[in-house]
Undergrad: 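Take this structure, written in structure tokens, and hold onto it; I'll ask about it next.
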Amino acid sequence: MRLNDILSGSFDRSEWESKGYELPSYDIAGLVKRTHDNPTWLHFGAGNIFRAFPAAILNDALNSGKYDRGVIVAESFDYEIIDKVYRPYGNLALLVSLQSSGTIEKKVIGSITESLKADPSFTGDWARLVEIFKAPSLQMVTFTITEKGYSVAPADLERGLSPVLAMGKVAALMLERYSSGSLPLTLQSTDNCSHNGDKLRDGVLAYAERWVKDGLVPEGFLEYLRDSGKVTYPWSMIDKITPRPHEKVQKMLAEDGFEDNETIVTGKKTFTAPFVNAEEVQYLVVEDNYTNGRPPLELGGALYTTRKTVDEVETMKVTTCLNPLHTAMAIYGCMLGYTLISAETADPDLRSFIQKLGYIEAMPVVTDPGVLNPYEFIGTVINRRLPNPFMPDAPQRIATDTSQKLPIRFGETIKKYVARGLDMDNLVLIPLTLAGYARYLKGLDDEGHPFEPSSDPLLAELQAIVAPLELGKPDQDFSCLRKLYSRKDIFAVDLYEVGLGERIENMVKELYAGKGAVRATLHKYVSAR
């Protein structure tokens, strides 16, 4: 069983389907031709998340029989992905959905019709990209290039019309579309960063502004990119985990007789494969603001709404329903000796901790965005996402840069309690999380054994604050904590000014009481809550 057998037609459909493989119900060859002649969607970023999510929901739309165009993918960073994962398999991929039950679902993705290297040094591919950008049929260009892919470097701006970074290449291609009659288009970020459309817009405009200043392009090009009737940059919220190819998945596929199951590691250390494994749960909420139409991705589960609603969904996820739970589990998981988030969910204290933190303490200040129910979102996180045995995520990874995460993940909730005049006495487990941070910074687990806190730009500075504190020392001076918990750059508020500082200090004292104090303190407050 190989992907190329599907393209050649030399395969037994019943054999694949009897083993649980869902195959495209549409004519792939016809799709390729229609898309080549009249492209509607180009995507930058050929990584695992693209095949597992945007391409997969288009595949579902195609299977519905209500749409007939595919997506063309362009890679601007790691060109080996195109050579080793896309073209050898005719751009087909196998999506393996990892179920929390420990089983897998398998779906062949045939919606990707071309794969291109987005760099002028690949002359044929670049010429094809120019052709696509000049096509009146093109409706949207989307991106999964990670947040750093939107960066603009001064040295790249100085290269004029021959940039090497992604935003510069997109600007150069948009210049071709402008030169073809200022054709309308939507540039749509689907990367996991707040207000992602603005990052995309700012990146493209930075190049256009420099080129106008240097006299390389007409002023009209910049006006075109700024004209919301011609070009838009909608916001979106995307949420789906796509781990590296999983050995357990490879074994299960091999047992089926599916041979395209090898892991490929590129020279740039991208871990990929002809298959992509991903968690079963996914969310894509998009601002519906397109100037030339768009593919009907709602047929595959995308949610189209307003910019305000996208922002509310993002805020819900980041400040209540997912990210704070992750950080709480990371801080206490490291101190309790856990190395897997999935294992933590089987710990009664930790499971109850995040349930009550989310449902009881954070939920009162959440704005229900309407398109996703906050209570259902948390339930999915706790019952399906975090316990997934295929997700090898570790508290040590999530604890990275904790000082940079606390202001948004907890500070914003505290600020809303203050602004709305809510009873601060109702906050117990959020203060416990913040108290745990002072214990975590000490780098001693619950048995008193050293562990290495995860990397953080403020780690050394914050560890110096708690350096005077000792585990199990009676009657010690905890006044150093005021230097920590009064810092608005870390907690978004002065915790003493809002009436939580002393409460948190008392919790820290309990956490430093001696061996086993972390477990005892956690159990005490979780049980009482």
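If you're wondering where the values come from, they're calculated on a predicted model, not measured in any experiment.
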Undergrad: Taking all non-hydrogen atoms of both residues, which atom of V366 and which atom of A362 are closest, and how far apart?
TA: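 Taking every non-hydrogen atom into account, CG2-O, 3.7 Å.
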
Undergrad: With a 3.5 Å distance limit and no angle check, can you tell me whether T327 reaches the backbone of P324 through a side-chain donor-acceptor pair?
TA: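 Looks like no, no N/O pair under 3.5 Å.
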
Undergrad: If we ignore angles and hydrogens, is there a donor and acceptor under 3.5 Å between the side chains of K317 and N192?
TA: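 Note: K317 and N192 side chains meet the donor-acceptor criterion.
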
Undergrad: Under a 3.5 Å distance rule, please check whether S352 uses its side chain to pair with a backbone N or O of P348 as donor and acceptor.
TA: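 Side chain of S352 to backbone of P348, a donor-acceptor pair under 3.5 Å: no, none is there.
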
Undergrad: Could K405 and D401 be called an ion pair, given the rule that one side-chain N must be under 4.0 Å from one carboxylate O?
TA: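 Between D401 and K405 there is no salt bridge, as every charged N stays at least 4.0 Å from the carboxylate O atoms.
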
Undergrad: Check the surroundings of atom CD in E255: do more than 12 heavy atoms from other residues, nucleotides or ligands lie under 6.0 Å from it?
TA: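 Yes, because the 6.0 Å sphere around CD of E255 holds more than 12 heavy atoms from other groups.
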
Undergrad: Could you please spell out the steps behind the side chain to side chain contact (heavy atoms under 4.5 Å, CB included) verdict for L297 and L58?
TA: CA-CA 6 Å; L297 297 186; L58 176 61; 4.0 Å; yes

Undergrad: Strictly distance-based, threshold 3.5 Å: is any side-chain N or O of D191 a donor or acceptor partner for the main-chain N or O of C193?
TA: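 Judged by distance alone, no pair lies under 3.5 Å.
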
Undergrad: Quick check: do S342 and P392 have side-chain heavy atoms less than 4.5 Å from each other?
TA: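 They are not in side-chain contact.
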
Undergrad: Please say which of K524, R519, E344 ends up in a side chain to side chain contact (heavy atoms under 4.5 Å, CB included) with D349.
TA: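 Of K524, R519, E344, side chain to side chain contact (heavy atoms under 4.5 Å, CB included) with D349 is met by R519 alone.
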
Undergrad: Measuring only between side-chain heavy atoms, which start at C-beta, is P295 closer than 4.5 Å to M140?
TA: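 Heavy-atom side-chain distance check passes, below 4.5 Å.
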
Undergrad: Using a 6.0 Å cut-off, check whether atom NZ of K515 has over 12 heavy atoms from anything other than its own residue.
TA: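 Result for NZ/K515: open.
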
Undergrad: Determine whether K199 and S189 satisfy the following criterion, side chain to side chain contact (heavy atoms under 4.5 Å, CB included), listing intermediate values before the conclusion.
TA: CA-CA 9 Å; K199 296 181 186 298; S189 172; over 6 Å; no

Undergrad: Heavy atoms, side chains only, cut-off 4.5 Å: are M329 and I354 in contact?
TA: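 Touching, per the 4.5 Å side-chain cut-off.
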
Undergrad: Who pairs with L165 by side-chain contact (heavy atoms from CB on, under 4.5 Å), at least two apart in sequence or on another chain?
TA: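 Expected list: A153, D156, Y207.
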
Undergrad: Would Q250 and T263 count as having a side-chain donor-acceptor pair, cut-off 3.5 Å?
TA: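 Yes, because at least one side-chain N or O of Q250 sits under 3.5 Å from a partner of the opposite role on T263.
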
Undergrad: Compare every heavy atom of N277 with every heavy atom of F275, then report the nearest pair and how far apart it is.
TA: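 Distance-wise, the nearest heavy atoms are CE1-OD1, 3.5 Å.
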
Undergrad: Kindly determine whether F410 and L357 satisfy side chain to side chain contact (heavy atoms under 4.5 Å, CB included), including the steps that lead there.
TA: CA-CA 11 Å; F410 297 97; L357 190 156; 4.2 Å; yes

Undergrad: May I ask you to say whether K308 pairs ionically with E312, meaning some side-chain N is under 4.0 Å from a carboxylate O?
TA: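 Yes, charged N to carboxylate O under 4.0 Å.
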
Undergrad: Under a 4.0 Å threshold between the charged nitrogen and the carboxylate oxygen, would E80 count as salt-bridged to K268?
TA: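 Salt bridge absent between K268 and E80.
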
Undergrad: Taking the side chain as everything from C-beta on, heavy atoms only, tell me whether I490 gets closer than 4.5 Å to L462.
TA: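 Counting from C-beta outward, I490 and L462 do come under 4.5 Å.
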
Undergrad: Please report the shortest heavy-atom distance between Q99 and E280, naming the atom on each side.
TA: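 It is OE1-OE1, 3.1 Å.
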
Undergrad: For the atom pair CG (D256) and OH (Y21), what is the distance rounded to the nearest 0.5 Å?
TA: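 Rounded to the nearest 0.5 Å, the CG-OH separation comes out at 3.5 Å.
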
Undergrad: Please confirm whether the backbone N or O of E361 pairs with a side-chain atom of K356, one donor and one acceptor, at under 3.5 Å?
TA: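 It does not hold such a pair.
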
Undergrad: Sequence neighbours excluded and cut-off under 3.5 Å, please list the side-chain donor-acceptor pairs for residues 43-54, or say none.
TA:
| unit_1 | atom_1 | unit_2 | atom_2 | d |
| --- | --- | --- | --- | --- |
| H43 | ND1 | T142 | OG1 | 2.6 |
| H43 | NE2 | G45 | O | 3.3 |
| H43 | NE2 | T144 | N | 3.4 |
| H43 | NE2 | T144 | OG1 | 2.7 |
| N48 | OD1 | R51 | NH2 | 2.9 |
| N48 | OD1 | T272 | OG1 | 3.1 |
| N48 | ND2 | F271 | O | 3.2 |
| R51 | NH1 | A273 | O | 2.9 |
| R51 | NH2 | T272 | OG1 | 3.1 |
| R51 | NH2 | A273 | O | 3.1 |

Undergrad: Where the side chain of R503 meets the backbone of L427, is there a donor-acceptor pair that is under 3.5 Å apart?
TA: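 Looks like yes, one N/O pair under 3.5 Å.
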
Undergrad: Assess the side chains of N289 and T186: does a donor N or O sit below 3.5 Å from an acceptor N or O?
TA: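 No, no side-chain donor-acceptor contact under 3.5 Å.
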
Undergrad: If I take atom CG from residue L511 and atom CZ from residue R439, how far apart are they, to the nearest 0.5 angstrom?
TA: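 Those atoms lie 7.0 Å apart.
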
Undergrad: Would M424 and V418 count as a side chain to side chain contact (heavy atoms under 4.5 Å, CB included) if you check the C-alpha gap in whole Å, the side-chain angles of each, and the deciding distance to 0.1 Å?
TA: CA-CA 8 Å; M424 301 297 283; V418 174; 4.1 Å; yes

Undergrad: Does the side chain of T270 come under 3.5 Å of the side chain of D78 through a donor N or O and an acceptor N or O?
TA: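 The answer is yes; a qualifying pair exists.
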
Undergrad: I need the N59 CG to I112 CD1 distance, nearest 0.5 Å.
TA: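 Going from the CG atom of N59 to the CD1 atom of I112 covers 9.0 Å.
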
Undergrad: Do the two ring centres, one from Y485 and one from F491, sit under 6.0 Å apart?
TA: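 Yes, they do, as the ring centres are separated by less than 6.0 Å.
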
Undergrad: Side-chain contact test, heavy atoms from C-beta onward, threshold under 4.5 Å: evaluate it for Q463 versus P453 and give yes or no.
TA: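 Heavy-atom side-chain distance check passes, below 4.5 Å.
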
Undergrad: Over all heavy atoms of both residues, which pair between V493 and K415 is shortest? Give the atoms and the distance, please.
TA: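 Between these two residues, the closest heavy atoms are CG1-CG, 3.2 Å.
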
Undergrad: Evaluate whether atom NZ of K19 has more than 12 neighbouring non-hydrogen atoms of other residues, nucleotides or ligands under 6.0 angstrom away.
TA: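 Enclosed: over 12 neighbouring heavy atoms sit under 6.0 Å from NZ of K19.
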
Undergrad: Could you tell me if D456 and T402 have a donor-acceptor pair between their side chains, going purely by distance under 3.5 Å?
TA: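 No, D456 and T402 have no side-chain donor paired with an acceptor closer than 3.5 Å.
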
Undergrad: Assess the residue pair R351 and N383 against the criterion (side-chain hydrogen bond (donor to acceptor under 3.5 Å, both in side chains)); give the C-alpha distance rounded to whole Å, side-chain angles, the decisive distance to 0.1 Å, and a yes or no.
TA: CA-CA 10 Å; R351 184 178 179 85; N383 298 315; 2.6 Å; yes

Undergrad: Can you give me the closest heavy-atom contact between A330 and I398, atom names plus distance?
TA: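 Heavy-atom minimum between the residues: CB-CG2, 3.7 Å.
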
Undergrad: Is there a donor-acceptor pair closer than 3.5 Å between any side-chain N or O of N388 and the backbone N or O of L98?
TA: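 Flag set: sc N388 to bb L98 pair under 3.5 Å.
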
Undergrad: How long is the gap from CE on M1 to NZ on K106, to the nearest 0.5 Å?
TA: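 It is 7.5 Å, given to the nearest 0.5 Å.
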
Undergrad: Taking side chain as C-beta onward, heavy atoms only, is L94 less than 4.5 Å from L253?
TA: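 Yes, their side chains come closer than 4.5 Å.
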
Undergrad: Are the aromatic ring centres of F377 and Y283 under 6.0 angstrom apart?
TA: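 Under 6.0 Å, so yes.
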
Undergrad: Please name the pair of heavy atoms, one in Y290 and one in D288, separated by the smallest distance, quoted to 0.1 Å.
TA: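 Shortest heavy-atom separation between Y290 and D288 comes out as CD1-OD1, 3.4 Å.
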
Undergrad: To the nearest 0.5 Å, what is the distance between CG (D446) and CZ (F451)?
TA: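 Nearest 0.5 Å value for the CG-CZ distance: 10.5 Å.
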
Undergrad: Are any of the side-chain heavy atoms of E314 and W235 separated by less than 4.5 Å?
TA: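 No, their side chains stay 4.5 Å or more apart.
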
Undergrad: What distance separates T433 OG1 from L325 CG, expressed to the nearest 0.5 Å?
TA: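 It is 9.0 Å, given to the nearest 0.5 Å.
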
Undergrad: Strictly by modelled atom types, are E510 and Y525 linked by a side-chain donor-acceptor pair under 3.5 Å?
TA: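 A donor-acceptor contact under 3.5 Å links the two side chains.
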
Undergrad: According to ring pair (Phe, Tyr, Trp, His ring centres under 6.0 Å), does anything in residues 295-340 pair up with another residue at least two apart or in another chain? List the pairs.
TA: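 Matches after skipping sequence neighbours: Y332-F353.
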
Undergrad: Hey, does L434 have a side-chain heavy atom less than 4.5 Å from the side chain of I414?
TA: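 Yes, their side chains come closer than 4.5 Å.
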
